[in-house]
Amino acid sequence: MSHPHANQVKAFLLELQDRICAGLEGADGGARFVADSWQRGDTGLGGGGISRVLSGGAVFEQAGVNFSHVTGPALPASATAHRPELAGRRFEAMGVSLVIHPENPYVPTSHANVRFFIAEKDGEAPVWWFGGGFDLTPYYGNVDDVVHWHTVARDLCAPFGEDSYPKYKKWCDEYFYLKHRDEARGVGGLFFDDLNQPDFATSFAFMQAVGNGFLDAYLPILARRKDTPWGERERQFQLYRRGRYVEFNLVWDRGTLFGLQTGGRTESILMSMPPLVRWEYGYQPEAGSAEAALYSDFLPVREWI
């Protein structure tokens, strides 16, 4: 694989970051993203990125949309333990990652990312793949919202084969799972990794479809729920459930681990954390409540469409 391909991916990712930020700013109606460009070079690693964060908006308590493009002469041993063919190869990793934490508890938190990785060694064919996806984490579930979310996911997968949506939905359900809680993080979506078949053009097209599909999936849900009245009870439950988000990202998320292992920028990696969160020992929702319905009706894995 030649570097012009990587440049094509980078150009798309930068445009995607711009477009998603513009869409979220329009939905918030006032607040703007603040851009923070950064470079790294003091660790033998190269590259950099643009972190964009919106805080204290009318709709979004905090939203972050990050672009990063990092390079290095070799991956750490911990990152090649399960991929020995990558040992000793120089690498590039680039992607856009976003996490949205709305203020209104009736608006779901959402996460998405699309990424590209390539490792090269003189005299050998490059090793490359795409990954990414998007998932939804409601605090107060609504069937119409979840059906819409999964319908967008299914439809964007359709041109890539009838097995694409079931495969990547299942992968998402399995990946965004808190094993120590025996509990899903949310209601799923799509997750894919190690995608390099049947060829570069098709794999890149699928990654683009996922990135382009995020706003189509999220903005209609946001529009329907952002003006729903809420009070202290809903706020406290939202903050409690945000704790699950923190637990997953720090204990199980491979992207967080990869970024920290490869000397990534900690401030950007941990941008995904909610600005406020709480834990409560032994919490149990009141039987028959809307809070209990999240556990009984939405978090158990099921087919939504």
Side-chain angles (χ1 to χ4, degrees), residues 61-64 78-79 81-82 97-102 105-113 115 131-143 145-146 149-150 153 166-194 214 217-218 221 234-261 264 266 269-287 289-304:
E61 189 168 4
Q62 182 169 293
S78 56
H82 300 294
S97 179
L98 66 95
V99 177
I100 300 168
H101 292 291
Y106 287 100
V107 182
T109 282
S110 187
H111 155 264
N113 77 85
R115 56 190 181 273
F134 52 61
D135 63 286
L136 194 70
T137 306
Y139 306 101
Y140 291 90
N142 185 286
V143 172
D145 294 349
V146 186
W149 181 261
H150 279 276
K167 175 182 178 180
Y168 296 134
K169 177 198 179 294
K170 183 175 185 290
W171 201 343
C172 187
D173 290 335
E174 293 173 349
Y175 182 76
F176 291 105
Y177 197 82
L178 290 89
K179 300 179 183 68
H180 62 287
R181 298 275 190 183
D182 193 22
E183 178 183 289
R185 187 173 83 172
V187 295
L190 300 173
F191 180 87
F192 69 100
D193 206 0
D194 303 322
F214 173 76
Y218 189 66
I221 297 172
E234 291 86 356
R235 177 63 163 171
Q236 289 303 310
F237 184 64
Q238 177 198 50
L239 296 182
Y240 173 75
R241 288 297 308 174
R242 280 179 176 178
R244 299 294 204 269
Y245 213 89
V246 173
E247 290 176 20
F248 180 86
N249 280 18
L250 293 182
V251 176
W252 298 108
D253 188 65
R254 295 196 320 221
T256 300
L257 184 62
F258 176 82
L260 296 175
Q261 286 178 339
T266 302
I269 296 167
L270 298 183
M271 171 277 302
S272 62
M273 298 303 173
L276 294 172
V277 64
R278 74 181 187 90
W279 279 264
E280 178 180 333
Y281 181 79
Y283 169 80
Q284 293 294 327
E286 180 184 343
S289 66
E291 292 81 11
L294 177 72
Y295 294 86
S296 62
D297 300 347
F298 291 90
L299 295 183
V301 173
R302 56 181 276 196
E303 298 302 318
W304 291 98

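With respect to the salt-bridge test (charged N to carboxylate O, under 4.0 angstrom), the residues Arg242 and Glu280 do not qualify. A salt bridge links Glu61 with Arg235: the distance from a Lys NZ or Arg NE/NH1/NH2 to an Asp or Glu carboxylate oxygen falls below 4.0 Å.
A 4.5 Å side-chain heavy-atom check between Lys169 and Val301 finds at least one atom pair inside the cut-off. Side-chain contact between Phe134 and Tyr218 is absent, with no heavy-atom pair separated by less than 4.5 Å. At least one side-chain heavy atom of Leu294 sits less than 4.5 Å from a side-chain heavy atom of Leu299. Ser110 places none of its side-chain heavy atoms less than 4.5 Å from the side chain of Asp135.
In this structure a side-chain-to-backbone donor-acceptor pair under 3.5 Å is present from Arg278 to Gln236. When atom types are taken as modelled, the side chain of Trp171 and the backbone of Asp193 share no donor-acceptor pair closer than 3.5 angstrom. Gln238 contributes a side-chain N or O that, together with a main-chain N or O of Pro102, makes up a donor-acceptor pair within less than 3.5 Å. Of the possible donor and acceptor atoms, one in the side chain of His101 sits under 3.5 Å from a partner among the backbone N and O of Ser272.
Ring to ring, Trp252 and Tyr177 are not that close: their centroids are 6.0 angstrom or more apart. Checked against the 6.0 Å centroid threshold, Tyr139 and Phe237 do not count as a close aromatic pair.
Residue Tyr295 comes nearest to Pro300 through the heavy atom pair O-CD, 3.1 Å, listed as atom of the first residue, atom of the second, then distance. In terms of heavy-atom proximity, Asp145 sits nearest to Ile221 at O-CD1, 3.5 Å.
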Exercise for the section: Output, in order, the C-alpha distance, side-chain angles, deciding distance and verdict of side-chain hydrogen bond (donor to acceptor under 3.5 Å, both in side chains) for Asp253 and Tyr175. Expected result: CA-CA 9 Å; Asp253 188 65; Tyr175 182 76; 3.0 Å; yes

Practice task
Could you check His111 against Phe176 for ring-ring contact (aromatic ring centres under 6.0 Å, His included), going step by step and ending with a plain yes or no?
Solution key: CA-CA 11 Å; His111 155 264; Phe176 291 105; 5.7 Å; yes

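With sequence neighbours excluded, the residues that form a ring pair (Phe, Tyr, Trp, His ring centres under 6.0 Å) with Tyr283 are Tyr240.
With Phe298 as reference, Trp304 is the one residue of Tyr140, Trp149, Trp304 to meet the ring-ring contact (aromatic ring centres under 6.0 Å, His included) rule.
Looking at Arg244 and Asn249, their side chains never bring a donor and an acceptor atom within 3.5 Å of each other.
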